[in-house]
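These notes are about the structure you will find just below.
Basis for what follows: all heavy atoms, side chains included, without hydrogens, waters or symmetry-related copies.
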Amino acid sequence: MFFSNETNKTEVVDCYLHTAQDDSSTVQTYLVFCIPASISGVWYAQALEMSVGKIPFLEAVNGSTVVIPCTYASCIGIKNLYFNWQFNDNGTMQKVCESVIPSEGIEPHVSIYRERVEFVGKNHNNNISILLWNITFEDGGEYTCFGRNPKEKDKNHSAIFNLIVVDELRVVDNTLTIIIASAVGGAIALLMGFMLLKNLTLFVLAKLEEKNKECLVTSSGIDNTENGLSGSKADSKPTPKKK
């Protein structure tokens with residue numbers, strides 16, 4: 001392995017040595033094959049990532065203000081990260097803004113080339129989002145967030161966000177959702193009512209059973225008294241003494 005320097009860029013190269021016998025002599029010929037490490041797989045996989053979120057589109061009303069989101073991430077950090085926003089105007093890419101971020105956490109100075117655009121990310125938590133004021137139908141389309149990190153051998157990545165501008169937002173029919181929610185709520189209420197009625201019934205039965213036991217004990221005590229058994233209140237005559 002060795003390093004080659006071209007235009008002030010250092011690239012890691014993997015080299016393989018091969019020997020072959022020359023038919024005309026006994027001298028061996030050495031053939032060296034060199035492959036860039038990025039091709040051979042020795043170099044790390046692309047680490048820089050640009051993200052516009054899990055939902056890469058937004059439907060907004062004409063005349064409103066919207067935020068076009070984008071964040072970047074790198075496994076080894078950044079240094080002089082270059083980024084820009086571009087707008088796809090019927091196949092022609094127009095630059096919206098661009099800047100270079102010296103390092104993480106530093107707010108960059110952003111050059112803006114399109115009206116009604118503001119850089120709002122300020123590089124807080126790797127945020128490089130932009131804001132569009134008073135959008136028109138001409139603002140609708142694809143916005144590309146692009147980044148290039150020199151610290152990762154100029155690895156670059158991009159993400160696309162689609163802005164849809166409409167006259168008014170569509171009214172979503174929630175009838176089915178309401179019916180399902182009502183059915184589920186009714187079933188839960190019915191189940192709770194059944195459980196409450198069951199517990200109340202068991203409580204009443206337990207009380208009745210307890211009352212019946214008290215009645216049986218009381219009835220047994222009365223019978224013993226009437227029969228003159230032990231424990232009764234009947235007067236017992238003393239046994240006459242023999243003279």
* How many angstroms lie between atom CD of Glu104 and atom NZ of Lys79, to the nearest 0.5 angstrom? -> 13.5 Å
* Minimum-distance pair of heavy atoms, taken over all atoms of Asp167 and Phe137 -> OD1-CZ, 3.0 Å
* Looking only at heavy atoms, which two atoms of Cys97 and Val110 are closest? And how far apart? -> CB-CG1, 3.8 Å
* Side-chain (Asn162) to main-chain (Phe57) donor-acceptor, under 3.5 angstrom -> no
* Thr71 and Asn125, any side-chain heavy atoms less than 4.5 Å apart -> no
* Asked: Taking the side chain as C-beta and beyond, is there a heavy-atom pair between Ile128 and Ile101 under 4.5 Å?
  -> yes
* Under the side-chain hydrogen bond (donor to acceptor under 3.5 Å, both in side chains) test, residues paired with Asp89 that sit two or more places apart -> Gln94
* Structure fact -> Closest heavy-atom pair, Glu118 versus Ile112, reported as atoms and distance to 0.1 Å, is CA-CD1, 4.2 Å
* Establish whether Ile130 and Val66 are linked, either directly or via other cluster members, by ILVMFWY side-chain heavy-atom contacts under 4.5 Å. => yes
* To do: Taking the side chain as every heavy atom from C-beta outward, state whether Phe119 and Ser99 have any atom pair closer than 4.5 Å.
  => no
* Do Val166 and Asn62 come close enough that some side-chain heavy atom pair is under 4.5 Å? -> no
* Structure fact -> Closest non-hydrogen atoms of Phe87 and Gly141, given as atom of the first, atom of the second and distance, are CE1-CA, 3.9 Å
* Would you say the side chain of Leu132 lies within less than 4.5 Å of the side chain of Leu163, judging by non-hydrogen atoms? -> yes
* Asked: When rounded to the nearest 0.5 angstrom, what is the spacing between CD in Glu49 and OG in Ser158?
  -> 11.0 Å
* Asked: Does the side chain of Met50 come within less than 4.5 Å of Cys70's, by heavy atoms?
  -> yes
* To do: May I ask you to test the Ile135-Ser64 pair for a side-chain heavy-atom distance under 4.5 Å?
  => yes
* Structure fact -> NZ (Lys153) and CG (Leu48) are apart, to the nearest 0.5 Å, by 15.0 Å
* Structure fact -> Per side chain to side chain contact (heavy atoms under 4.5 Å, CB included), Leu131 is matched among Val67, Ile68, Val117 by Val67
* To do: Any chance you could lay out the side-chain contact (heavy atoms from CB on, under 4.5 Å) test for Ser74 and Lys151, step after step, and finish with the verdict?
  => CA-CA 10 Å; Ser74 174; Lys151 192 174 181 179; over 6 Å; no
* Asked: Going by atom types only, do Asn80 and Tyr82 share a side-chain donor-acceptor pair under 3.5 Å?
  -> no
* Asked: Taking only residues two or more places apart in sequence or in another chain, which ones pass side-chain hydrogen bond (donor to acceptor under 3.5 Å, both in side chains) with Lys95?
  -> Glu98
* Nearest 0.5 Å, what's the CG-SG distance between Asn149 and Cys75? -> 10.5 Å
Run the side-chain donor-acceptor check on residues 179-203: report pairs under 3.5 Å with partners two or more places apart or on a different chain.
residue: Ser182; atom: OG; partner: Ile178; partner atom: O; Å: 2.8
residue: Asn199; atom: ND2; partner: Met195; partner atom: O; Å: 3.2
residue: Thr201; atom: OG1; partner: Leu197; partner atom: O; Å: 2.8

* Shortest non-hydrogen contact from Ala159 to Val52? -> CB-CG1, 3.9 Å
* Asked: Rounded to the nearest 0.5 Å, how far does CD of Glu142 lie from CD1 of Ile160?
  -> 5.0 Å
* **Min side-chain heavy-atom separation Asp139-Trp133 under 4.5 Å** => no
* Considering all heavy atoms, the nearest Phe83-Pro108 contact -> CE2-CG, 4.3 Å
* What's the spacing between Ile78 CD1 and Ile106 CD1 if we round to 0.5 Å? -> 8.5 Å
* Any idea how Tyr143 and Trp85 line up, ring-wise: parallel (<30°), tilted (30 to 60°), or perpendicular (>60°)? -> perpendicular
